[in-house]
Amino acid sequence: MDLMLRNARVLGRPVTERPVDIGIQNGRIEIIAHDLTVSGRDLDLGGRLVTPSFCESHIHLDKSCILDRCQSQKGDLEEAIREVAAAKKTFTAEDVYTRARGTLEKSISHGTGFMRTHVEVDPGIGLRGLDGILQAAQDHAWAMDIEICVFPQEGLTNNSGTEELMRESLKRGARVVGAAPYTDTDPHGQIDRVFRMARDFDADIDMHLDFGATPDYMDILYVCEQTEKHKYGGRVAVGHVTKLSLVPPAKLEEIALRLADAGVAVTVLPSTDLYLMSRDHDHKVPRGVTPVHQLLKKGVNCSLSTNNVLNPFTPFGDCSLTRMANLYANIAQAGSQQDLRECFEMVTRRSAQLLRLPDYGVEVGRQADLVVLDCRTPEQAVAELAPPLYGFKRGRMTFSRAPVQLYRP
């Protein structure tokens with residue numbers, strides 16, 4: 001056996017069950033059993049939790065870590081788009097690569113092994129961002145599987161030349177096509193074009209959608225219609241949907257059932273949504289974060305993700321998905337043990353489902369993409385922000401972190 005992880009608590013097994021040993025051979029989980037006598041490199045986990053690697057389902061590597069180049073006075077969405085639009089005109093492929101590398105390595109150190117990154121392409125930046133991210137993805141394949149989603153942050157129908165750049169990006173290796181209809185003069189026209197591109201390239205779809213401070217003029221039902229029209233159920237995700245946080249419960253349930261029927265997944269970005277929304281309020285400020293744990297109960301697949309790191313959209317971030325799950329649990333007041341478990345699943349199993357990962361999980365025969373957390377249960381991981389101690393990609397260790405030690409007198 002190449003590696004034996006001994007005394008492990010496996011995600012999904014009862015916490016009352018005594019720890020097991022996990023045998024890994026040729027990058028895959030070969031056996032899970034008690035008290036294995038098989039030889040190999042041993043790592044004693046001391047009863048800690050082993051889970052599949054975290055999945056970052058929505059992040060922007062290309063514009064991470066640019067606070068030093070931007071002003072952020074108002075802190076609203078319009079200012080963030082404007083500041084980044086100006087900054088990205090000076091981006092080079094090398095600059096994008098360098099910043100993406102730093103963000104990726106933080107993500108790896110926090111247990112993330114799968115990622116979908118959104119990359120802006122338009123006449124202002126051309127394909128320079130894509131070039132930098134393609135190289136970063138290639139150079140970090142030893143620890144991370146990275147999927148690229150290209151999208152038109154500044155509009156599509158109103159921004160000549162953008163569609164041609166998106167199509168070229170899909171030819172060059174991007175596997176997902178994105179959208180931001182709220183920045184377009186013709187939101188439904190943008191959505192229609194995105195579905196056509198997805199069909200032409202057999203690509204999945206991941207849209208920034210209904211990002212606003214009022215529940216007016218929502219596009220989500222139109223996306224459901226188009227998903228059914230094109231038979232794209234299970235291949236469409238929408239991110240942010242902050243407007244859903246402002247609708248009454250009956251309307252939220254109605255939309256949830258429509259999303260479930262159409263097969264449209266929802267990603268909430270707690271840090272960005274909380275930071276940007278409701279800037280026009282001076283008291284009784286709405287949170288602006290859609291309660292996706294309520295959508296789960298209606299059959300909608302949902303994920304939590306980071307979105308932006310150290311830029312005008314979100315001037316914070318350490319790339320920890322357990323922190324994002326904990327932040328969401330606080331905002332949404334999701335404190336029951338079941339809700340905490342769902343928060344954990346929204347950065348693991350449910351995100352993996354959104355990304356359509358075929359080989360995911362701590363099961364015999366699956367690829368050994370694993371993270372070891374300094375806790376016993378997923379509920380503890382979210383509630384206590386349990387640090388990841390080890391990560392593995394295809395059975396090879398990608399990072400380690402020493403457990404804390406106290407030095408008593």
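Along the sequence shown, residues are numbered consecutively beginning with 1. The structure presented is a predicted model; accordingly, all values stated were derived computationally and were not measured.
Interatomic distance, R366 CZ to I24 CD1, rounded to the nearest 0.5 Å: 14.5 Å. Atom CG of D202 and atom CZ of R235 lie 4.5 Å apart (nearest 0.5 Å). Here the CG-CG distance, from L276 to D76, works out to 7.5 Å after rounding to the nearest 0.5 Å. Atom CG of residue L304 and atom CD of residue E56 lie 10.0 Å apart, to the nearest 0.5 angstrom. With rounding to the nearest 0.5 angstrom, the OG atom of S271 is 5.0 Å from the CE atom of M324. For the atom pair OG1 (T306) and CG (L321), the distance works out to 4.5 Å, reported to the nearest 0.5 Å.
By the 6.0 Å and 45° rule, R356 does not stack over the aromatic ring of Y360. R323 forms no cation-pi arrangement with F316, by the criterion of a distance under 6.0 Å to the ring centre and an angle within 45° of the ring axis. For the pair K63 and F313, the cation-pi criterion (under 6.0 Å, within 45° of the ring axis) is fulfilled.
Look at E163 and R196 and you find no salt bridge, because none of the NZ, NE, NH1 or NH2 atoms lies under 4.0 Å from a carboxylate O. For the pair R6 and D44, the salt-bridge criterion is not met [side-chain N within less than 4.0 Å of a carboxylate O]. The pair D139-R101 does not count as a salt bridge, with every side-chain nitrogen at least 4.0 angstrom from each carboxylate oxygen. In this structure, R128 does not pair ionically with D62, as no charged nitrogen and carboxylate oxygen lie closer than 4.0 Å. Residues E164 and R167 are not paired through a salt bridge, judged by the lack of any N-O separation under 4.0 Å between the basic side chain and the carboxylate. Salt-bridge annotation for D2 and R396: absent, with no side-chain N of the basic residue lying under 4.0 Å from a carboxylate O of the acidic one. Taking the charged nitrogens against the carboxylate oxygens, D95 and R69 do have a contact shorter than 4.0 Å, which makes a salt bridge. With salt bridges taken as basic N to acidic carboxylate O contacts below 4.0 Å, one links K88 and D122. Salt bridge status for R394 with D145: present, with a side-chain N to carboxylate O gap under 4.0 Å. For D35 and R18, the salt-bridge test passes: some basic side-chain N is under 4.0 Å from an acidic carboxylate O. A salt bridge does not link E342 to K297: none of the charged side-chain nitrogens sits closer than 4.0 Å to a carboxylate oxygen.
Taking every heavy atom of both residues into account, S57 and S305 meet most closely at N-OG, 3.2 Å. Across all their heavy atoms, G212 and M277 have their closest contact at O-SD, 3.5 Å. A pairwise comparison of heavy atoms in L340 and A383 identifies CD1-CB, 4.2 Å as the closest pair. Nearest approach of V289 to L274, heavy atoms of both residues: CG2-N, 4.0 Å. Smallest separation of non-hydrogen atoms from A8 and V50: CB-CG2, 3.6 Å. Here the closest heavy-atom approach between residue G239 and residue D206 is recorded as N-OD1, 4.5 Å.
Counting only distance, with no hydrogens or angles, the side chain of S107 and the backbone of T112 share no donor-acceptor pair below 3.5 Å. The main-chain N or O of A332 is never found under 3.5 Å from a side-chain atom of R287 such that the two would form a donor-acceptor pair. A donor-acceptor pair under 3.5 Å is absent between the side-chain atoms of D131 and the main chain of A93, judged by distance alone. Between the side chain of K393 and the main chain of G113, a donor-acceptor pair closer than 3.5 Å is present. In this structure a side-chain-to-backbone donor-acceptor pair under 3.5 Å is missing from E17 to P14. In this structure a side-chain-to-backbone donor-acceptor pair under 3.5 Å is present from R401 to P388. Remark: the backbone N or O of A180 is not paired with any side-chain donor or acceptor of D184 at under 3.5 angstrom. Remark: side-chain polar atoms of S320 are not paired, donor with acceptor, to backbone N or O of H110 under 3.5 angstrom. Side chain of T117 to backbone of I59: a donor-acceptor contact under 3.5 angstrom is found. Distance alone, capped at 3.5 Å, places no donor-acceptor pair between the N159 side chain and the P123 backbone.
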Going through the distances and angles, do E30 and M4 end up as a side chain to side chain contact (heavy atoms under 4.5 Å, CB included)?
CA-CA 10 Å; E30 185 78 14; M4 294 293 299; over 6 Å; no

Stepwise salt bridge (Lys or Arg N to Asp or Glu O under 4.0 Å) test for R279 and E78
CA-CA 11 Å; R279 290 283 179 163; E78 291 74 19; over 6 Å; no

Start with the C-alpha distance between M1 and I31, add both sets of side-chain angles, then the distance that settles side chain to side chain contact (heavy atoms under 4.5 Å, CB included), and finish with yes or no.
CA-CA 10 Å; M1 207 67 66; I31 188 170; 4.1 Å; yes

Run the side chain to side chain donor-acceptor pair (under 3.5 Å) check on N307 and T272 step by step: do they pass?
CA-CA 7 Å; N307 195 43; T272 299; 3.0 Å; yes

With side chain to side chain contact (heavy atoms under 4.5 Å, CB included) as the criterion, how do Y328 and V382 come out once you've worked through the C-alpha distance, each side chain's angles and the decisive distance to 0.1 Å?
CA-CA 10 Å; Y328 173 82; V382 175; over 6 Å; no

Set out, in order, the CA-CA distance, both residues' side-chain angles and the distance that settles side chain to side chain contact (heavy atoms under 4.5 Å, CB included) for L244 and M218, then state yes or no.
CA-CA 9 Å; L244 287 184; M218 289 194 291; 4.0 Å; yes

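Taking the side chain as every heavy atom from C-beta outward, M207 and I191 approach each other to under 4.5 Å. Side-chain contact between L77 and F211 is present, with at least one heavy-atom pair separated by less than 4.5 Å. Within the 4.5 Å cutoff, the side chain of C375 has no heavy atoms near those of the E384 side chain. Within the 4.5 Å cutoff, side-chain heavy atoms of L5 are placed close to those of L370. Side-chain contact between T162 and M166 is present, with heavy atoms from C-beta onward closer than 4.5 Å. Annotation: side chain of F151 is in contact with side chain of E120 (closest heavy-atom distance under 4.5 Å). No side-chain heavy atom of D200 sits less than 4.5 Å from a side-chain heavy atom of L170. For the pair C224/L259, a side-chain contact is recorded, criterion being any heavy-atom separation below 4.5 Å from C-beta on.
The one candidate from N311, N308, T103 that meets the side chain to side chain donor-acceptor pair (under 3.5 Å) condition with S64 is T103.
With hydrogens and angles left out, the side-chain atoms of D273 and T242 include no donor and acceptor closer than 3.5 Å. A donor-acceptor pair shorter than 3.5 Å cannot be found between the side chains of T183 and E154.
The aromatic rings of H60 and H208 sit tilted, their planes meeting at an angle between 30° and 60°. Relative orientation of the Y97 and H140 rings is tilted, given thresholds of 30° and 60° on the angle between their planes.
Taking a 6.0 Å sphere around CZ of R175, one finds it holds 12 or fewer heavy atoms contributed by other residues, nucleotides or ligands.
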